[in-house]
Amino acid sequence: MNRTRTFKHLRAAGASMAAIGLIIAAVPAQAGGVTAGTLIENTAIASFDDGSGARTISSNTVQVRVDELLDVTLTSLDPGPVAARPGEAVLVFELTNPGNGPEAYRLTANPAVAGNDFDTSVVAIAIDSNGNGTYEPGVDAILPAPQTTAELAPDAGLRIFVIVEVPASVSDGAQSSVELTATAVTGTGAPGTIFAGQGSGGGDAVVGTTTASALARGELVAGVVSVALTKAVALRDPFGGSEAVPGSIATFTITANVTGSGSVAGLVVTDAIPAGTRYVPGSLTLDSAGLSDADDSDAGSASDAGGVRVALGTVSGGTSHAISFAVVIEE
Ligand SMILES: [Ca+2]
Ligand SMILES: [Ca+2]
Ligand SMILES: [Ca+2]
């Protein structure tokens, strides 16, 4: 509870200091102080003896209705820049209502922030309907324009997802920010700005220290990964030379080079055995280590009919793998 704020309100109402402790103990504790609309009543009592015995008199009762403070906080929940590829990316924010009354908030996302290497486009703003911290299309509700939350109770928080589209032209390592703004629907302004009669519970709404507006920034860094395949051949003919003649052995080396940030998943390299040649059994290698020809538990298989197939799985940028196999030119 904000006792300082409560004291100020009571002093303004002319309440006696003696009564303050009792009133504070009776009202619910919240970040924003006494709940908006709460009626605080105070009556002073004087006791004295005027010579004819003990007497007690009461003052008139002073009533104060607690106004609604309009406040908001907004923070990015991403632990750092979100790795993004061309396509959709999701930024996560948390909105809280630190005020003392229920309030709804208008959300606006700005993807064109000064200093951006590239700008995204905003696809949607969604709320974490099932509260699990992860955006799930079809489960977490997309807010229709103008994007506005339901009323948040005092102290309540809400996770917000901003879904953006990363352009296809983005280059690896490029950065982009998206700014999300949340403003109280009742109104914003300098602290102390009054919206007469618009507080919940019948009082005024008064803008708090946050100006009832908050801005948070989510960051993206483009992780663009690409795969290049290069193929080389070395020939050994039956005469010790390097001519391509019937009976010559051709050893092919395929290099898969993955560059950029992030990784590729399910990378598989295949190659057909060229017409006019036969696979040399047992010649398949991956990074110089032998692989069996059979389609079994190792990464590769090779046969005349099926060709060469090597599954590299998930490969990080900055990694390359060399696949080698040999064929003999038919005689
Ligand atoms: Ca309100
Ligand atoms: Ca969710
Ligand atoms: Ca195998």
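In each ligand, atom 1 is the first atom listed, and ligand 1 is the first ligand listed. Note that this is a predicted model, so its numbers are computed, not measured.
Taking the charged nitrogens against the carboxylate oxygens, Arg55 and Asp50 do have a contact shorter than 4.0 Å, which makes a salt bridge. The existence of a salt bridge linking Arg65 and Asp204 is excluded, since no basic side-chain nitrogen approaches an acidic carboxylate oxygen closer than 4.0 Å.
The Ca ion (ligand 1) has no N, O or S atom of Ala36 closer than 3.0 Å. Among the atoms of Asp295, no N, O or S atom is found under 3.0 Å from the Ca ion (ligand 3). Among the atoms of Asp293, no N, O or S atom is found under 3.0 Å from the Ca ion (ligand 3). At a cut-off of 3.0 Å, Gly300 coordinates the Ca ion (ligand 3) through an N, O or S atom. The Ca ion (ligand 3) does not have Ala302 among its coordinating residues (no N/O/S atom, backbone or side chain, under 3.0 Å). Residue Ser292: an N/O/S atom is found under 3.0 Å from the Ca ion (ligand 3).
A donor-acceptor pair shorter than 3.5 Å cannot be found between the side chains of Thr108 and Thr181. Using modelled atom types, one finds no donor on one side chain facing an acceptor on the other under 3.5 Å when comparing Asn100 with Thr35. For the residue pair Ser176 / Glu219, no side-chain donor-acceptor distance below 3.5 Å is found, with atom types taken as modelled.
Per residue Glu68, closest N, O or S atom to the Ca ion (ligand 1): atom name OE2. Note on Glu103: its N/O/S atom closest to the Ca ion (ligand 1) is OE1. Shortest distance from the Ca ion (ligand 3) to Asp296 is reached at OD1 (N/O/S atoms only).
When side chains are defined from C-beta on, Val327 counts as touching Pro274, because their heavy atoms get closer than 4.5 Å. Side-chain contact between Leu291 and Val310 is present, with at least one heavy-atom pair separated by less than 4.5 Å. Between Ile160 and Ile127 the shortest side-chain heavy-atom distance falls below 4.5 Å. Looking only at side-chain heavy atoms (C-beta outward), Ser324 and Thr251 come within less than 4.5 Å of each other.
A 6.0 Å sphere centred on CZ of Arg106 holds more than 12 heavy atoms belonging to other residues, nucleotides or ligands. For CG of Asp295, the number of neighbouring non-hydrogen atoms (other residues, nucleotides, ligands) closer than 6.0 Å is 12 at most.
Of all protein N/O/S atoms, those under 3.0 Å from the Ca ion (ligand 2) are Asp128 OD1, Asn130 OD1, Asn132 OD1, Thr134 O, Glu136 OE1, Asp140 OD1, Asp140 OD2, and waters are not counted.
Centred on the Ca ion (ligand 3), the angle running from Ala294 (O) to Asp298 (OD1) is recorded as 150°, rounding to 10°.
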